[in-house]
J.: 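Just passing along the structure, written as structure tokens.
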Protein chains: 2
Amino acid sequence: MLEGKFEQASLLKKVIESIKDSVKLCNFNCSAEQGITVQAIDDSRVLLIALKMDAGCFQEYRCDRDLVLGLDLESLGKILRQGNNDDYLTVIAEDTPDKLLVVFEDKKKDRISEFELKLMDIDSDVLSIDDMDNDCSITLPSAEFAKIARDMKTLSESLQILVTKDSVKFAAEGTIGNGSVILKPHTDMDEPDESIRIDLNQPVNLTFGAKYLNDIVKATALSPTVTIKLTDKAPALFEYRLPSGYLRYYLAPKFEDEE
Amino acid sequence: MLEGKFEQASLLKKVIESIKDSVKLCNFNCSAEQGITVQAIDDSRVLLIALKMDAGCFQEYRCDRDLVLGLDLESLGKILRQGNNDDYLTVIAEDTPDKLLVVFEDKKKDRISEFELKLMDIDSDVLSIDDMDNDCSITLPSAEFAKIARDMKTLSESLQILVTKDSVKFAAEGTIGNGSVILKPHTDMDEPDESIRIDLNQPVNLTFGAKYLNDIVKATALSPTVTIKLTDKAPALFEYRLPSGYLRYYLAPKFEDEE
DNA sequence: ACGCTTTGGC
DNA sequence: GCCAAAGCGT
């Protein structure tokens, strides 16, 4: 059987909130060694989501044999919203499960809430993703990236990201006008998460669909920083680190003729 | 060229937020002596808005020759929302401009956001408004007036304002019931902005469209107090003072047969 | 376009 | 913890 206990219900809640607008149904793969992993492609088949929650995400984690749990994220989200953020949260499944058991326990009060979520059979191909070398890597406060993505979407459906050795520029061109935000790297000793870091092998100039970036930044609450890895003409990686694991988004850039 | 730098982006942001729901397009008149002035009539041609931002509103102000900037306030609002309230904000236009450049600079970080907003040709007549004598003038906390305007709108489409020497009464009559708020003048030494002051030459009894009053009180954030000048059978003036300048609304009263 | 809900700032 | 502003949904 699977039994995973989160110290804070909020962790799983935020994870599901981060991806449920992109993906309706997906398989959670559970194993003893890997913890829980998910790979899913959004309904328009443009955005690939890779989640990894290692055993370290859990206060207790046990998985007797590998399981695939087919979940409706909308339904799971409804259930997760019923717990309080700092409840204990335990997810339980039998070895040949037809349902997922979700249990909240209030840390102080004698309150236990239990939910059974029906599982589904979901087709999915698991792609192997090479951890290739990137032209550049940018780490910045996730909230700052989220604001840029949201703001620029008001101007255009496309967001261009240009990285040079000493700056990253986000630019949008739309009918009402053009806009750009330029960030320069800096190290904030007092608040390291506020730092902006650019590691560059080669300058890049890529354009992405603003809609997908807005889906991606829903993960902002999961981590104070986000790391963006870009390579010319290749899918970009946006990574939010979990206490132990990650939530990664892979997004293909737009090409010139479709911008 | 025009170059105006605000110490706080929030000032222009609040001004635009205050008027953009009433007026979609309007001309900003820029000159060396007058600073930036706007006169606009709301889309239903009932409410007249007069804005004056003197050079004193700016940290730096330069205007080589008179300019008229035709702006879409909705678009400008989108751009202004992208800055942080205490960013520096600089607006720049060439002498024969086809666009307005809007630049935010974070005071601490190395962040610069630039936007180009396309300008438009907008017809507009500038009316001359006599600064006539009024029957009475009332100054009260802007938040208090805003609450009255909002609350009374739930009762009726019309709000009656009755002023006598020692009180101002706001009254609404509607199908669910009638309501009134009576304020008496008082001077608050500790918090002068909380004072209520009535200067009266002659009692007045006027009725206004509640909808327009609700548009007017969107300017509440601009000033802790509002001054209302009323004259029988003449447009009322609602004035919010800026650091250096003002935002004024002129609203014609309803007449008996249309109430 | 308005109201409600969620998120961020004080 | 409370209040205000921004974003989302109807």
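Below, chain A is the first sequence line, B the second, and so on; all start at residue 1.
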J.: Do Lys5(A) and Tyr88(A) meet the cation-pi criteria used here (NZ or CZ under 6.0 Å from the six-membered ring centre, within 45° of the axis)?
T.: yes

J.: Does the distance from a Lys or Arg side-chain N to an Asp or Glu carboxylate O, for Glu105(A) and Lys107(A), drop under 4.0 Å?
T.: no

J.: Can you tell whether the side chains of Asp21(B) and Lys218(B) come within less than 4.0 Å, N to carboxylate O?
T.: yes

J.: Is Lys211(B) touching bases, backbone alone, or none of the nucleic acid, heavy atoms closer than 4.0 Å?
T.: nothing

J.: Using a cut-off of strictly less than 4.0 Å, decide whether Lys147(A) has a side-chain nitrogen or oxygen near OP1 or OP2 of dA5(D).
T.: no

J.: Expressed in angstrom and rounded to an integer, what is the separation of Arg81(B) atom CZ from dA4(D) atom C1'?
T.: 16 Å

J.: Without decimals, in angstroms, what is the distance between Arg150(A) CZ and dC8(D) C1'?
T.: 12 Å

J.: Examine Phe145(B) together with Phe238(B) and report whether their ring centres are nearer than 6.0 Å.
T.: yes

J.: Rounded off to whole Å, could you give me the CG-to-C1' distance for the Asp215(A) and dG7(D) pair?
T.: 15 Å

J.: dG7(D) P sits how many Å from Met152(A) CE, rounded?
T.: 14 Å

J.: Could you state the CD-P distance from Glu17(A) to dT6(C), rounded to the nearest angstrom?
T.: 10 Å

J.: Atom CG of Asn85(B) and atom P of dC10(C): how far apart are they, to the nearest Å?
T.: 9 Å

J.: Rounded to the nearest Å, what distance is computed from the CG atom of residue Asn84(B) to the P atom of nucleotide dT7(C)?
T.: 19 Å

J.: Nearest whole Å is fine: how far is dG7(D) P from Asn214(A) CG?
T.: 11 Å

